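If you're wondering where the values come from, they're calculated on a predicted model, not measured in any experiment.
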There are 2 protein chains.
Amino acid sequence: MGRCRGNAWWQGRFRGCGYRVTAGREIILDALTKTDKHLSAEDIYLSVKKSCPGIGLATVYRTLEILVEMGLVLKFDFGDGRARYELAEGPNKEANHHHHLICAGCKRVIDYTDFIEDEVELLRKTEKGLSEKYNFDIKSHVIQFYGLCEKCKTK
Amino acid sequence: MGRCRGNAWWQGRFRGCGYRVTAGREIILDALTKTDKHLSAEDIYLSVKKSCPGIGLATVYRTLEILVEMGLVLKFDFGDGRARYELAEGPNKEANHHHHLICAGCKRVIDYTDFIEDEVELLRKTEKGLSEKYNFDIKSHVIQFYGLCEKCKTK
DNA sequence: CCTCTATTGATAATGGTTCTCATTATCAAT
DNA sequence: ATTGATAATGAGAACCATTATCAATAGAGG
């Protein structure tokens, strides 16, 4: 780990898209790889700043935009006014597909992986049908449930 | 239509929640009822201003917040930096359930109602399961597909 | 009609995100 | 290894959708 070149998997994709491989991009992708939380741009900025104090917030935003465009990272809106980012794929993430339960009261976000099998089957069918009908290339999807969590429903 | 009291259906819900019924709230809800577009707060402000020139933008935001909280209106994020609003239910909207295809290129949004039957069945099952497992009251859900539309995929 | 207070409109403030630009770093060609 | 073209960066200003403030107004029960 650390400086090892197990990270090479994404460098090829970067170069293939015409992007240069930089220390900032590597460390930002690292931060996303090493967590299963829903990080905001500022979360990532503060985390990355520890090992790379000179990095700027704008670089974090710019890098995240590229990562989202390439499909390596997913961007979510949980309704609290700031975007959240999660690794979409990678060496340890293939089987990490999940969706979100968002509490309208405390804004807490619960990841769930239940019912994913049925969902995947329906989504596969739906994506295929939509692609054909609208001639639309589907790259990703978002499924979110809104409601009140255990604590907030009693208030 | 117009000043008729066919709008009474929502007035009871307003009063039941402790909110007063005002001209501004009525006309904002009217604007949402009379369209099937995804309106931003400013879209609604400009539309409502025609028949109610004195209304303020802040009132539109405040009213939308209440409508979303009551579940009468759904709030979406299509990734262009401003929220969009759609009527969730009402006298003519019960059978209007649909989801969104969002083009990452031109930001166009396509509504689709295909495969809704299968989806509804899966969602019903999923919502039931999630409610029980996490003791979470689900009020609404969002399903969105991201990708490239017919025009943008060729560029 | 009157009172209480929620609501409103105008506007300032907020804050996440994007833009600007001079400087620095990447990388293919040498 | 060096160089040159140019992509990337950092600092901070700018942007702009949304929220907060506050005095004036209007809804609704009595």
Side-chain angles (χ1 to χ4, degrees), chain A residues 5 7-8 10-29 31 38-46 48-70 73 75-85 107, chain B residues 3 5 7-8 10-29 31 38-70 73 75-85 107:
Chain A
R5 293 294 97 178
N7 298 316
W10 62 270
Q11 299 194 357
R13 287 191 59 170
F14 254 77
R15 294 212 179 83
C17 292
Y19 295 118
R20 293 178 180 174
V21 172
T22 71
R25 287 170 180 175
E26 177 166 13
I27 202 171
I28 288 169
L29 195 47
H38 322 100
L39 301 177
S40 68
E42 195 180 357
D43 290 337
I44 295 167
Y45 172 62
L46 293 175
V48 158
K49 225 173 159 51
K50 290 180 207 160
S51 56
C52 186
I55 202 163
L57 181 55
T59 296
V60 174
Y61 276 104
R62 281 184 293 232
T63 301
L64 287 170
E65 187 182 4
I66 290 173
L67 292 171
V68 169
E69 183 224 314
M70 290 176 58
V73 167
K75 181 179 182 178
F76 295 97
D77 167 43
F78 295 150
D80 66 344
R82 65 187 59 192
R84 306 284 172 157
Y85 301 86
K107 308 296 180 192
Chain B
R3 287 291 120 193
R5 294 294 97 179
N7 299 316
W10 60 270
Q11 300 194 356
R13 289 190 58 170
F14 255 78
R15 294 211 178 85
C17 293
Y19 295 118
R20 291 181 182 172
V21 172
T22 71
R25 287 170 180 176
E26 177 166 13
I27 202 171
I28 289 169
L29 195 46
H38 322 101
L39 301 177
S40 68
E42 195 179 357
D43 290 337
I44 295 168
Y45 172 62
L46 293 175
S47 160
V48 158
K49 225 172 158 52
K50 290 180 204 157
S51 56
C52 187
I55 202 164
L57 181 56
T59 296
V60 174
Y61 275 105
R62 281 183 294 231
T63 301
L64 287 171
E65 188 182 5
I66 290 172
L67 291 171
V68 169
E69 184 224 314
M70 289 175 58
V73 167
K75 181 179 183 178
F76 295 97
D77 166 43
F78 295 151
D80 66 345
R82 64 186 60 192
R84 307 285 172 157
Y85 300 86
K107 307 297 178 189

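- If G56(A) and Y85(B) are placed on DNA chain D by their nearest nucleotide, the residue sitting closer to the 5' end is G56(A).
- Along DNA chain D, the nucleotide nearest to R84(B) and the one nearest to I66(A) differ in position, and the one closer to the 5' end is contacted by I66(A).
- Residue Y61(A) places at least one side-chain N or O closer than 4.0 Å to OP1 or OP2 of dT17(C).
- The nearest whole Å value for the distance from the OH atom in Y19(A) to the C1' atom in dA25(C) is 18 Å.
- Here dT19(D) presents its P atom at 14 Å from CD of E69(B), a figure rounded to the nearest Å.
- No side-chain heavy atom of V48(B) sits under 4.5 Å from any side-chain heavy atom of T59(B).
- Within 4.0 Å of G54(B), counting heavy atoms only, lie sugar-phosphate atoms of the nucleic acid but no base atom.
- In this structure, A83(A) reaches the sugar-phosphate backbone alone: every heavy-atom distance under 4.0 Å involves primed, P, OP1 or OP2 atoms, never a base.
- In this entry the distance linking CG of L64(B) with P of dT19(D) reads 10 Å, nearest Å.
- Note on T22(B): every side-chain N or O is 4.0 Å or more away from OP1 and OP2 of dG27(D).
- When Watson-Crick and G-U wobble pairs are counted only if both distances are under 3.5 Å, dT30(C) pairs with dA1(D).
- The distance from atom CZ of R82(A) to atom P of dT18(C) is 14 Å, rounded to the nearest whole Å.
- Under the Watson-Crick or G-U wobble criterion, with both distances below 3.5 Å, dC19(C) is paired with dG12(D).
- Between R25(A) and dT9(D), a side-chain N or O to OP1/OP2 separation shorter than 4.0 Å is present.
- Computed from coordinates, the R62(A) CZ to dT9(D) C1' distance equals 6 Å when rounded to whole Å.
- Across the protein-nucleic acid pair, Y45(B) atom OH and dT8(C) atom P stand 14 Å apart, rounded to whole Å.
- If you measure from atom CG of L57(B) to atom C1' of dT14(C), you get 15 Å, rounded to the nearest angstrom.
- R20(B) comes within contact range of at least one nucleobase, with a heavy-atom separation under 4.0 Å.
- Distances from the side chain of T63(A) to the nucleotides dT18(D), dT9(D), dT8(C) place dT9(D) closest.
- Summarising the geometry, the separation between CZ on F78(B) and P on dA17(D) is reported as 17 Å, rounded to the nearest angstrom.
- Side-chain atoms of Q11(B) and R15(B), non-hydrogen and from C-beta on, do get closer than 4.5 Å to each other.
- The ring of F78(B) has its center closer than 6.0 angstrom to the ring center of H38(B).
- In this structure, R15(B) reaches the dA28(D) phosphate: one of its side-chain N or O atoms is under 4.0 Å from OP1 or OP2.
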I28(A) vs I55(A), test: side-chain contact (heavy atoms from CB on, under 4.5 Å). Steps then yes/no. CA-CA 10 Å; I28(A) 288 169; I55(A) 202 163; 4.2 Å; yes
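- Comparing dA20(D), dC27(C), dT17(C) against the side chain of A58(B) picks out dA20(D) as the nearest.
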Take F14(B) and I66(B) through the side-chain contact (heavy atoms from CB on, under 4.5 Å) test and state the conclusion after the steps. CA-CA 9 Å; F14(B) 255 78; I66(B) 290 172; 4.3 Å; yes
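- In a base pair of the Watson-Crick type (N1 to N3 plus N6-O4 or O6-N4) or a G-U wobble (N1-O2 and O6-N3), with each distance short of 3.5 Å, dT19(D) is matched with dA12(C).
- Side-chain contact between W10(B) and V21(B): present, with at least one pair of heavy atoms (C-beta onward) separated by less than 4.5 Å.
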